[in-house]
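Below is one structure, written out as structure tokens, with a few remarks after it.
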Amino acid sequence: MREQESIRSIKGIGEKTEKLLAKLGITTVGDFLRYYPREYDEYTEPIGVSQVTVGKKCAVIGRIVGKVGVNSTGRFVIVTASLKEENSVLQLTWYNMPFLRNTLQSGGVYVFRGMVVNKNGRSIMEQPEIFGREDYKELLHSLYPIYGLTKGLTNKFMVKTMHRILENKEIIQDYLPEEYRNNYKLAEYNYAISQIHFPKDRKDLLLGHRRLVFDEFLLFILAIRMMKEKTQDTRNSFQIKPVWDTENIIDALPFPLTNAQKRVWNEIEKDMTGHTLMSRLVQGDVGSGKTIIAFLAMLLAAFNGYQAALMVPTEVLAKQHYKEMEKLLEQHKLPLKVTLLTGSNTAKEKRERYAQIASGDVKLIIGTHALIQEKVEYDNLALVITDEQHRFGVHQREDLSKKGTKPHVLVMSATPIPRTLAIILYGDLDISVMDELPAKRLPIKNCVVDNSYRPKAYHFIQKQVEEGHQVYVICPMVEESEGLEAENVIDYTQILKEALPPNIVVAYLHGRMKAVEKNKIMEDFAENKIQVLVSTTVIEVGVNVPNATVMMVENAERFGLAQLHQLRGRVGRGDAQSYCIFVQGGKDVQTKERLEILVKSNDGFQIASEDLRLRGPGDFFGIRQSGLMEFKIADIYQDADILKEAGEVAGTILSLDMDLSLPQHARLKDRLLSYSKEKMEMPGI
């Protein structure tokens, strides 16, 4: 079985299952192999009844006291048993499993494994797995993979299919030369793939994880640095001079630029009027004012007779930027035209706009991936800006840069990446940091609460909506998933509809929806036709809705703090006080301490580093810190040390063999080409 083969070549996968897997982005055997578990269910040491913690899954060893009860309610047959240890009692409950009355013996000692909940003051474990003591010893410390699912797929199916693939797949000759594997203590590729799915224990899981993380970083860095060699120190062929118009706009703004905005604008202006082409990354927290700086750069190009293009990841965001630019031109009576190019333009609109762009009649172009379509021809494109860089592949950025003479490139990102890591990741770019928020912004009020706070939160949400404001609610999953205790968007939307008055419109948004549906939902939310939006993290790059004052994040412990910080940047954009409620599933003290960092700080860089300090190396189970970067398994914060090592190896390889033409790098070159195809041209949400 080869990685390039269709998943239909796997026994047991027909047309229906093929469509379900496509929803998860799985179309080939290789896609299935690289669909890594989202977390692992670990068979931990069994504990006594007195040690159980409500809200946590655990294995409990104990002796059944009293009779095993069997009751029928009509709908259910309920089997109950009890474990007792000194003054602690744990009730065990199973539904529709009447055969257990013959399996479980009063006075028998067993290991029971499941989630402990509190009902009417009693600790109850519902539907626990049952093991004999010796049977459980054989499973001790083993890890069972849990995969992200879509409705119609089960974790059991994913596990069975993954076993089938690993048993039948061809052994790939490792593309990483042995000397690098030895020097950096990296596992062999085939071993790493098997251990990431079915690890013998944590030690083997970490070995497999380390190798696959290293590969992702290495391939990403190689792709970027090889591109850099093609563009480095390119002469600036555009005759751009500073103009008074940009200074007049800055003076007329309703708010003064922050010192950080002024500094970054000066760097950009100096680049664009200098001798070599600009290649600059502007990093700044959500709300730090990157958009106005991008507009000023576009206007500088346009006032000098050239074209400037701004590419953003969603149509809704493109439309919003277009309207803001139109308003700016109108307010200052500037003799410039702006056009909008997106996938939903009609054929007639596209023809008209293509003609305006090709003739040079329009100097300012804002759009989505539509900007890099073959039919788009620019007259004299001098500046290309990509917003939310992590949503675009490197090659997409390059494709836009190829639309004419090599233009200046400005990349904007709200992901707080420490400078040392940003230099490794974006080696082809100079880096500017916006580390201030505009003075008019009121600090967001934050709190970390447990599930018992929900009724108060719903009341608070209702009150905010009645005052004319809007609300985001974030859930970690799209729909209910087997084996995962976490809130999901679809069910939670129904819960809120029932909890809030009928005049409050509640809707949901997630990444699996069609682009047209997503755009409609975001537009309706922007226009306050929807008051409460339940969403996954796709709203990281959503529109600017100044009227949104509340963000409530369910199962906040399942997100990395940097991602939570980015999410809360969706509120606090207007004049009204804004609030962020982080709901922690369970009552783990360490988890609460980690989430409290968000209450104490609004600095994205500090938050990311504090998160790492508290979690420690290898503590990556169930948490995605930087899903923002589109890596499947690598995490720039958690795996910072591996990122540095991958940067060293990339540097060594390219210093010896810039185009990977040596025999020892042939397989690496092939892997890089397939990586570029599958990864670097990924669309946005």
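Evaluation of the salt bridge (Lys or Arg N to Asp or Glu O under 4.0 Å) rule for Arg133 yields no partner, not counting sequence neighbours. Listed by chain and number, the residues in a salt bridge (Lys or Arg N to Asp or Glu O under 4.0 Å) with Arg211 are Asp174, Asp215 (sequence neighbours excluded).
Looking at Ile193 and Asn190, their side chains never come closer than 4.5 Å, going by heavy atoms from C-beta outward.
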Working for side-chain contact (heavy atoms from CB on, under 4.5 Å), residues Tyr136 and Arg113: CA-CA 10 Å; Tyr136 192 80; Arg113 187 168 176 272; 4.0 Å; yes
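Tyr95 and Glu126 share a donor-acceptor pair across their side chains, judged by distance under 3.5 Å alone.
A tilted orientation is assigned to the rings of Phe112 and Trp94, their planes being inclined by 30° to 60°. In this pair, Phe198 and His163 present their aromatic rings parallel. The plane angle is below 30°, not in the 30 to 60° band. Classification of the Tyr147-Tyr35 ring pair by plane angle, with boundaries at 30° and 60°, yields parallel.
A side chain to side chain contact (heavy atoms under 4.5 Å, CB included) with Val553 is found for one member of Val448, Val473, Ile474, Leu598 and no other, namely Ile474.
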Can you give the donor-acceptor pairs under 3.5 Å from side chains of residues 15-22 to other protein atoms, not counting sequence neighbours?
residue, atom, partner, partner atom, Å
Glu18, OE1, Arg8, NH1, 3.0

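Taken to the nearest 0.5 Å, the CD1 atom of Ile130 stands 12.0 Å off from the CG atom of Asp135.
Taking 4.0 Å as the cut-off between side-chain N and carboxylate O, Arg594 and Glu557 do not count as a salt-bridged pair.
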